[in-house]
Amino acid sequence: MTRYAPSEIEPKWQKAWDADDVFLATRDPNKPKYYVLEMFPYPSGRLHVGHVRNYTMGDVIARYKASCGFSVLHPMGWDAFGMPAENAAMAGGGHPAKWTYDNIATMRAGMKTWGLSIDWSREFATCDPEYYGQQQSLFIDMLEKGLVYRKNAMVNWDPVDMTVLANEQVIDGCGWRSGAPVERRELTQWFFKISDYSDDLLAAIEGLDNWPDKVKTMQKNWIGKSRGLQFSFSVVDGPEGHDRVEVYTTRPDTLMGASFVGISADHPLARKLAAENPDIAAFCEECRKGGTTEEAIEKAEKLGLDTGLRVRHPFDNEWELPVYIANFILMDYGTGAVFGCPAHDQRDFDFASKYGLPITFTFEPEEGELNTGEAFAPAKTERVRWTKAYAWDEVSTGEEAVEAAIEFCESKGVGHGVTKFRLRDWGLSRQRYWGCPIPIVHCETCGVVPESKENLPVKLPQDVTLDVPGNPLDRHPTWRECSCPKCGAKATRETDTMDTFVDSSWYYARFTSPHAATPTDRAEADYWMNVDQYVGGIEHAILHLLYSRFFARAMNETGHLADSAREPFNALFTQGMVTHAIFQTKGADGRTEFHYPEAVDLRDGKGFLKADGREVQIVPSAKMSKSKNNVVDPVDIVAQYGADSARWFVLSDSPPERDVEWTAAGAEATHKHLSRVWRLAAEIDEAPETGAGDDDLLRITHKAMFEVSQGIESFGFNASIAKLYGFTNAIAKSKAGRDTRRFALKTLAQLMSPITPHLAEEMWAMLGGEGLIARASWPKPDEKYLVEDTVTLPIQINGKRRDEITVPKDMAKEEVEKLVLENEAVQRALDGGQPKKLIVVPGRIVNVVV
RNA sequence: GCCCGCGUGGUGGAAUGGUAGACACAGGGGACUUAAAAUCCCUAGGCAGGAAUGCCGUGCCGGUUCGAAUCCGGCCGCGGGUACCA
């Protein structure tokens, strides 16, 4: 070979690794274990550069740890259930199962060209009956432990298609297919009792030392522990059974500023009133319009209706407050009823302004703080009304004030202090086909009964129709029919399937024993768990990670995981997303059409469709998404420049945690660099046997070992690559003798091997390395080459760099000061005077203040 | 709306309280070549200057500090999540 030819090198070494079973994860009692996992992909059928980035990062860690002497588990699988398969079927793409497995085949083939160090013998898809059957078994175990229950909850309802919609299927408040305004409708659904673990999940965040702070903060806020007062208002002449309204507030210190009580449209009192009053019923219907997302509810115009009912203030029987039904109050949170204090809450202020309600101050506002059109932030703490009415004048703010108010109210017999969480139970029922069937049987005599484990898996039927909206399992002619596992009578199956988040909440545990006849094989799980390094997108910071933490706890309590695995991910790294512009046009029917990048010509910052020349609208920098068609396929890049170039390139420029906008330019430059590296190794025998500067090259080589390792250990892959560039340039320039040069190049190959494994093997072979580099030990620097005896200190004058001095590393501070004062630039600045201040930070910097 | 991030040359970025712009891309200049490709060398934040050097400069405004891209407060812009996208 006379040039770098990745298309020849890469398949060759991939075969060599396979033949030697290099990546097979084995329980080796003589080695520490290391489990590295990247979030498994959804088999959309298209690989994109985001996948390359994600899996290369994990692969660098896996290969690095393996060469550091760990027994590594690095598996891969497919998060295979979900809506896109059904959408594809509806669009004529064939059966969801065929579509999914075809996609997996395509993606697996693409991924295998990347040279990832994956133990493919552990591969599974969540839509394999073997996997979801164990999930059903787990569900039944959880049901028996009381971790699963049924209750009513709201869903998005399309009144034209008569079907439940996912949030993604609600576009501007309307159904994506029918275009009809969406409503909220109540359904009986299955729930996981994740709220039982609120405190545990919150408290354990403190122990997640190797998780990013931002993820921990997001999870804390999501769980949302709050301290407040729960109490009730008595209703003046309320309807029977509704003589009191229970409310929860986190701001009991503002109770004396209450001006109305708001209840949810789904509150029992609202329902009672709606049953008797058509106007109220109509308003409640109005409140149920729109989707179920928090965003839709919070951003919707705040609407209220005076019910005509009045309640009495708990501290003043004469003081009556109106009861409003309001569309922004959720039945799911707190008690479904609140009191409004417009003086100290912006939302209540807006509401009160709109409906002409009084604004009553609890605190004494400062002059000028009134009439600003905003609620008054309680910076001042004199409790005017509290003081005047009850001589309660404790001065405090924030949490203290809340706690004091709770104590005061409790002492007066008004309610009691309560801790609540924002976290709601996890609704897992989905009215869809392509998911794991919920293993439940409905029997007329026995009621809701779990399927018996011998009958698992409850398999999805193959013969379904997806040409009309709605759940195909519901309309299947025979699938529902079964016998009751308890009494044997004729019964029907539950037709809801599970949320696909369930599938991804325990797959990490299944990888430890992917073919066990129980959810886990405890010996295997106990050896491999926990995941030592988890790598994935920041978009999963809350839901997936929180659900997985909950499932690990549930699996511990059902005996499938050890106590030590209740917190399943020791370290988490959230990589940034690879973003790409979206190219969109308006179709004839007014819908937005999304176009693939390869279908668009870019000229002068504008885009035109190759097919018909129409101009496209360019939305810059959006998350790559199947539905937006803005994914970049890495197949072309691998075909043109090789996998090693693609791997190097996706890690090289941006820090791993940051989003990166993909551009085609640059991949070629990487290829040029790798060619240069290859040539350096290929030409080793042309180097003279003895040369000059061997010591310098040795020093540089050992320094590179140190710096590149440090980069990998700290997820600074871009920094490691910058050091590798520097190291390569130094080798190229060096005139050192052949042996030193060979040592430097072999070290370079090793340091590059986690990133460009094929090229590294090729270099290793050319340089006479023994065996596979994939099995070689990571190079350790010799300390004696790392120490420097002098240090260069920048000299600042008034904080601006003006000069520098090089001094022995351990020079005394006084000596340095003396030298600095003798410095020409300092002399000039001092102009014969004395410095006001002289700051010497040993080893770092000198600052002279004049 | 709410929660969490991010913002530095023409471009990707480095520097996490201590020399702003490492390393690279694109650019400019040069060597080699009949020529091109490939390769190698030099150059490069902006403004002024022949140069030495000076001033300005990390989204905007203000603060803390001997010293701020970095810490604090307030804005602006962009991105992620918002419980049925995965």
Side-chain angles (χ1 to χ4, degrees), chain A residues 3 39 41-42 44 79 81-84 155-156 164-170 189 194 212-215 217-222 224 291-300 302 328 332 346-347 422-432 499-501 503-504 537-544 546-547 574 576-577 579 620-623 625-627 652-655 657-661 663 665-666 668-670 672-673 675-676 679 716 718-719 721-726 729 732 792-796 798-804 835-839 841 843-849:
Chain A
R3 62 187 177 85
M39 291 178 187
Y42 176 79
S44 62
D79 187 14
F81 277 133
M83 285 204 311
V155 292
N156 299 306
V164 177
L165 297 177
N167 286 333
E168 197 187 49
Q169 296 171 316
V170 179
Q189 314 215 62
I194 189 171
D213 286 337
K214 61 180 169 184
V215 174
T217 308
M218 281 190 260
Q219 293 223 347
K220 276 182 210 158
N221 291 339
W222 186 261
T292 57
T293 66
E294 191 189 336
E295 185 192 7
I297 291 162
E298 283 292 324
K299 279 184 163 172
K302 307 286 177 285
F328 56 86
D332 299 8
Q346 189 60 42
R347 189 178 65 184
R422 208 185 78 96
L423 181 65
R424 308 198 298 254
D425 277 334
W426 172 10
L428 68 117
S429 300
R430 297 292 180 272
Q431 297 69 44
R432 271 188 274 282
D499 177 7
T500 56
F501 270 122
D503 312 339
S504 55
I538 185 68
E539 69 271 25
H540 294 294
I542 297 173
L543 293 180
H544 162 63
L546 193 62
Y547 291 156
T574 53
M577 284 175 305
T579 61
S621 234
K623 168 184 166 182
S625 157
K626 307 173 268 300
S627 58
S652 63
D653 278 346
S654 284
E657 67 278 9
R658 200 184 297 190
D659 287 356
V660 54
E661 167 97 27
T663 54
E668 190 182 343
T670 296
K672 277 186 194 172
H673 173 73
S675 301
R676 187 163 166 250
R679 231 168 18 247
N718 54 327
I721 284 180
K723 299 298 180 191
L724 286 169
Y725 272 115
N729 291 341
T792 300
L793 298 175
I795 298 178
Q796 291 185 333
N798 291 334
K800 295 201 172 192
R801 183 188 170 280
R802 287 293 183 252
D803 205 350
E804 60 185 33
K836 279 191 194 141
K837 213 167 182 180
L838 182 56
I839 294 139
V841 185
R844 303 293 318 229
I845 205 163
V846 178
N847 193 10
V848 186
V849 185

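By convention in this document, chain letters (A, B, ...) are assigned in the order of the sequence lines, proteins followed by strands, and residues within each chain are numbered from 1.
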Q. Which residues pass the salt bridge (charged side-chain N to carboxylate O under 4.0 Å, His left out) test with A:K214, sequence neighbours left out?
A. none
Q: Please state how far atom CG in A:N798 lies from atom P in B:rC55, giving the value in whole angstrom units.
A: 11 Å
Q | Selected nucleotide, minimal atom distance to A:V155 side chain, candidates B:rC84, B:rA14, B:rA83 | A | B:rC84
(Q) Going by side-chain hydrogen bond (donor to acceptor under 3.5 Å, both in side chains), name the residues that satisfy it together with A:K672, two or more places apart in sequence or in a different chain. (A) none
(Q) The criterion is salt bridge (charged side-chain N to carboxylate O under 4.0 Å, His left out); which residues satisfy it with A:D503, sequence neighbours excluded? (A) none
Q.
Testing the basics here: between A:F501 and A:L543, what is the closest heavy-atom pair and its distance to 0.1 Å?
A. CZ-CB, 3.9 Å
Q: Tell me, please, which residues at least two apart from A:S652 pass side-chain contact (heavy atoms from CB on, under 4.5 Å).
A: A:W648, A:F649, A:I721
Q: With heavy atoms under 4.0 Å as the rule, sort A:R422 into base, sugar-phosphate or nothing.
A: base
Q. What does A:L423 touch in the nucleic acid at a heavy-atom separation under 4.0 angstrom: a base, only the sugar-phosphate, or nothing?
A. base
Q: Indicate the ring-plane relationship of A:H673 and A:Y725, choosing parallel, tilted or perpendicular according to the 30° and 60° boundaries.
A: tilted
Q.
Does A:Q169 reach a base, just sugar-phosphate, or nothing at all? Heavy atoms under 4.0 Å.
A. nothing
Q) For the side chain of A:K302 and the backbone of A:A300, is there at least one donor-acceptor N/O pair under 3.5 Å apart? A) yes
(Q) Regarding A:G427, tell me which of base, sugar-phosphate or nothing describes its non-hydrogen contacts under 4.0 Å with the strands shown. (A) sugar-phosphate
Which atom pairs link the protein and nucleotides 2-8 of chain B when you take only N or O atoms and keep those under 3.5 Å?
residue, atom, partner, partner atom, Å
B:rC3, O3', A:N221, ND2, 2.7
B:rC3, O2', A:N221, ND2, 2.9

(Q) Test your reading of the model: is there a side-chain donor-acceptor pair from A:Q189 to the backbone of A:L428, 3.5 Å cut-off? (A) no
Q: Identify whether any heavy atom of A:P41 sits under 4.0 Å from a base atom; if not, whether one sits that close to sugar-phosphate; answer base, sugar-phosphate or nothing.
A: nothing
Q. Which residues satisfy the salt bridge (charged side-chain N to carboxylate O under 4.0 Å, His left out) test with A:E804, sequence neighbours excluded?
A. A:R801
Q. Reading nucleotides 16-24 of chain B 5' to 3', which nucleotides get B (base under 4.0 Å from a protein heavy atom), which S (sugar-phosphate only), which -?
A. --BBS-BSS
Q: Mind calculating the distance between OH (A:Y547) and P (B:rA86) to the nearest angstrom?
A: 12 Å
Q | Watson-Crick or G-U stems involving RNA chain B, each at least 3 pairs long, distances under 3.5 Å, ordered by first number | A | B:1-7 with B:76-82, B:10-12 with B:23-25, B:27-31 with B:39-43, B:45-48 with B:53-56, B:59-63 with B:71-75
Q | Any A:M218 side-chain heavy atom under 4.5 Å of A:I538 side chain | A | yes
Q: Look at A:T293 and B:rU82 and indicate whether a side-chain polar atom (N or O) is within less than 4.0 Å of OP1 or OP2.
A: no
Q: Please work out if A:V164 contacts a base, only the sugar-phosphate, or nothing of the nucleic acid, heavy-atom cut-off 4.0 Å.
A: base
Q. For A:R432, what residues pass the salt bridge (charged side-chain N to carboxylate O under 4.0 Å, His left out) criterion, not counting sequence neighbours?
A. none
Q | Distance in angstrom units between A:R430 CZ and B:rC84 C1', rounded | A | 4 Å
Q. Listed by chain and number, what are the side-chain hydrogen bond (donor to acceptor under 3.5 Å, both in side chains) partners of A:N798, not counting sequence neighbours?
A. none
Q.
Distance check needed: B:rG80 C1' versus A:E539 CD, whole Å only.
A. 8 Å
Q. How close or far is atom C1' of B:rU39 from atom NZ of A:K672, stated in whole angstroms?
A. 10 Å
Q | Anti/syn call for B:rG9, syn if |chi| within 90° | A | syn
Q. Just how far, in rounded Å, is C1' of B:rU82 from CG of A:L543?
A. 8 Å
**Q.** Partners passing side-chain hydrogen bond (donor to acceptor under 3.5 Å, both in side chains) against A:T292 (at least two apart in sequence or in another chain)
**A.** A:N156, A:N167
Q) How is A:H540 classified with respect to the nucleic acid when contacts are heavy atoms under 4.0 Å: base, sugar-phosphate, or nothing? A) base
Q) Considering all heavy atoms of both residues, which atom of A:G427 and which atom of A:D499 are nearest to each other, and what is their separation? A) O-OD2, 4.3 Å
Q: Pick base, sugar-phosphate or nothing for A:F501, based on heavy-atom distances below 4.0 Å to the nucleic acid.
A: base
Using a cut-off of under 3.5 Å, enumerate the N/O to N/O pairs linking the protein to nucleotides 42-49 of chain B.
none

Q. Which whole-number value in Å describes the distance from A:E668 CD to B:rA38 P?
A. 8 Å
Q) Using a cut-off of 4.0 Å on non-hydrogen atoms, how would the nucleic acid contact of A:Q219 be classed: base, sugar-phosphate, or nothing? A) nothing
**Q.** Nearest-Å distance for atom pair CD1/C1', residues A:I795 and B:rC66
**A.** 15 Å
